[in-house]
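Read through the structure below, which is laid out as structure tokens, and then see the notes.
Reminder, nothing fancy here: chain letters follow the sequence lines and each chain counts from 1. Computed from a predicted structure; not experimentally measured.
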Number of protein chains: 2
Amino acid sequence: MLSDRLVKLRKSKKLTQQGLADKLQITRSSLSQYEIGKRQPDYGTLKKIADFFEVTTDYLLDHSNEKSMVQEHKTSYNLTDDPDLQIAFKDASDFSEEARKQAIDFIKYLKEKEKEKGRIHKDKDNN
Amino acid sequence: MLSDRLVKLRKSKKLTQQGLADKLQITRSSLSQYEIGKRQPDYGTLKKIADFFEVTTDYLLDHSNEKSMVQEHKTSYNLTDDPDLQIAFKDASDFSEEARKQAIDFIKYLKEKEKEKGRIHKDKDNN
DNA sequence: TAACTAAGAAATTCTTAGCCC
DNA sequence: GGGCTAAGAATTTCTTAGTTA
């Protein structure tokens with residue numbers, strides 16, 4: 001919920017409602033309503049809030065969607081289209097160093113195998 | 001702008017306004033207004049749209065903030081700094097579907113092993 | 001001082017119907 | 001069919017002032 005996150009973010013910066021309202025160029029009354037969940041700011045204000053606290057609007061709106069995150073991740077970093085592979089990569093990033101090395105080595109092994117396969121017959125995979 | 005992205009996303013799925021409106025449970029008139037930029041959907045509808053197309057709300061709102069993105073990725077993905085893992089991942093992106101699946105499965109296996117290692121006690125929940 | 005609320009004003013959105021291509 | 005628009009209804013938000021702790 002926007003309200004919860006807003007309160008936490010504001011307090012993390014040790015600001016009063018008035019203080020934050022000034023920064024966002026809205027009235028403190030409006031801000032109060034957002035924090036209680038009685039009103040919703042327009043998209044412009046939402047983006048202002050996100051920029052001020054340096055968070056995503058998804059975070060503010062409590063919108064978590066793994067696939068969408070991967071999608072965003074992909075466009076930002078130019079990675080693969082395979083969502084499962086992206087999730088696997090994400091998971092591997094959290095591994096211990098040992099497990100990470102095992103993953104890397106296994107992929108190296110697969111890479112060699114792919115090379116072999118390429119020599120034997122032409123690739124017939126369709127995406 | 002939401003409007004531009006909405007049109008592109010809808011057409012990428014080869015849907016008419018009526019078709020998408022039905023999926024989102026809104027009238028086609030409302031959807032038309034969103035696509036032209038005359039109206040803005042409430043947050044609930046915004047999230048519905050994001051979920052349906054599997055994108056972030058930041059993408060829909062054209063909200064790009066490098067710091068927030070990095071923040072989000074670090075908190076959501078704990079993206080690794082390990083360059084070897086990144087290279088391995090890029091290699092895997094070029095694999096055949098079969099090899100890619102093997103890599104994914106192996107990482108899943110490692111993930112389970114990591115879980116076991118993480119907890120002292122032996123839980124038997126299957127996930 | 002800091003935060004919340006009430007109530008009328010103002011702005012925005014929704015609905016319905018109709019229009020254009 | 002497919003997409004856009006007008007106009008009144010409905011809803012939401014804003015503003016101002018006031019209340020509470």
**Prompt:** Do A/Asp4 and A/Lys8 sit within salt-bridge range, that is, some charged N less than 4.0 Å from a carboxylate O?
**Reply:**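 Between A/Lys8 and A/Asp4 there is no salt bridge, as every charged N stays at least 4.0 Å from the carboxylate O atoms.
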
- Message: Students often get this wrong, so: under 4.0 angstrom with heavy atoms, is A/Ser30 touching a base, only sugar-phosphate, or nothing?
- Response: base

When rounded to the nearest 0.5 angstrom, what distance separates [atom1] in [X] from [atom2] in [Y]?
X: A/Ile107; Y: B/Ile104; atom1: CD1; atom2: CD1; result: 9.5 Å
X: B/Asp22; Y: B/Thr16; atom1: CG; atom2: OG1; result: 7.5 Å
X: B/Lys23; Y: B/Ile49; atom1: NZ; atom2: CD1; result: 14.5 Å

*Any luck finding a side-chain donor-acceptor pair between B/Ser30 and B/Thr27 under 3.5 Å?*
yes

Exercise. Answer yes if the side chains of B/Gln18 and B/Arg28 hold a donor-acceptor pair under 3.5 Å, and no otherwise.
Key: yes

[X] [atom1] to [N] [atom2]: how many Å, rounded?
X: B/Leu31; N: C/dT16; atom1: CG; atom2: P; value: 17 Å
X: A/Leu15; N: C/dA2; atom1: CG; atom2: P; value: 11 Å
X: B/Tyr34; N: D/dG3; atom1: OH; atom2: C1'; value: 16 Å
X: B/Lys14; N: D/dG2; atom1: NZ; atom2: C1'; value: 17 Å
X: A/Gln18; N: C/dA3; atom1: CD; atom2: P; value: 9 Å
X: A/Asp42; N: D/dT12; atom1: CG; atom2: P; value: 16 Å
X: A/Lys11; N: C/dA2; atom1: NZ; atom2: P; value: 13 Å

Item to complete: Tell me which residues in residues 19-26 of chain A put a heavy atom below 4.0 Å from DNA chain C, sorted by number, or none.
Response: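 Hits under 4.0 Å, by residue number: none.
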
With 3.5 Å as the limit, what N/O pairs link the protein to nucleotides 5-10 of chain D?
residue, atom, partner, partner atom, Å
D/dT5, O4, B/Ser29, OG, 3.1

Which nucleotide in C/dC4, C/dA2, D/dC4 has an atom nearest any side-chain atom of B/Gln17: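 Of C/dC4, C/dA2, D/dC4, D/dC4 is nearest to the side chain of B/Gln17.
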
**Q.** Donor-acceptor contact below 3.5 Å, side chain A/Arg100 vs main chain A/Phe95
**A.**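 Confirmed, A/Arg100 side chain pairs with A/Phe95 backbone.
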
| request: Using modelled atom types only, decide if a donor and an acceptor are shared between the side chain of A/Tyr34 and the backbone of A/Ser29 within a distance under 3.5 Å. | output: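 Such a contact is absent between A/Tyr34 side chain and A/Ser29 backbone.
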
B/Glu35 side chain near B/Arg10 side chain, heavy-atom distance below 4.5 Å
yes

Practice prompt. Indicate the atoms forming the closest heavy-atom contact of A/Phe53 with A/Leu9, along with that distance.
Written response: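 Result for this residue pair: CE2-O, 3.3 Å.
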
Residues at least two apart in sequence or cross-chain that pass ring pair (Phe, Tyr, Trp, His ring centres under 6.0 Å) with A/Phe106, listed by chain then number, are A/Tyr109, B/Phe106

Any salt bridge (charged side-chain N to carboxylate O under 4.0 Å, His left out) pairs touching residues 41-50 of chain B, not counting sequence neighbours?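 For residues 41-50 of chain B: none.
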
(message) side-chain contact (heavy atoms from CB on, under 4.5 Å), that's the test. Do A/Glu114 and B/Ser96 meet it? Break it down for me.
(response) CA-CA 8 Å; A/Glu114 285 286 284; B/Ser96 66; 3.1 Å; yes

Distance under 6.0 Å and angle within 45° of ring axis: A/Lys13 vs A/Phe52
yes

As a check of understanding: the bend across the helix from C/dT1-D/dA21 to C/dC21-D/dG1, end axes from five pairs, rounded to 10 degrees, works out to 30°

Enumerate the protein-to-nucleotides 19-21 of chain D contacts in which both atoms are nitrogen or oxygen and the separation is below 3.5 Å.
none

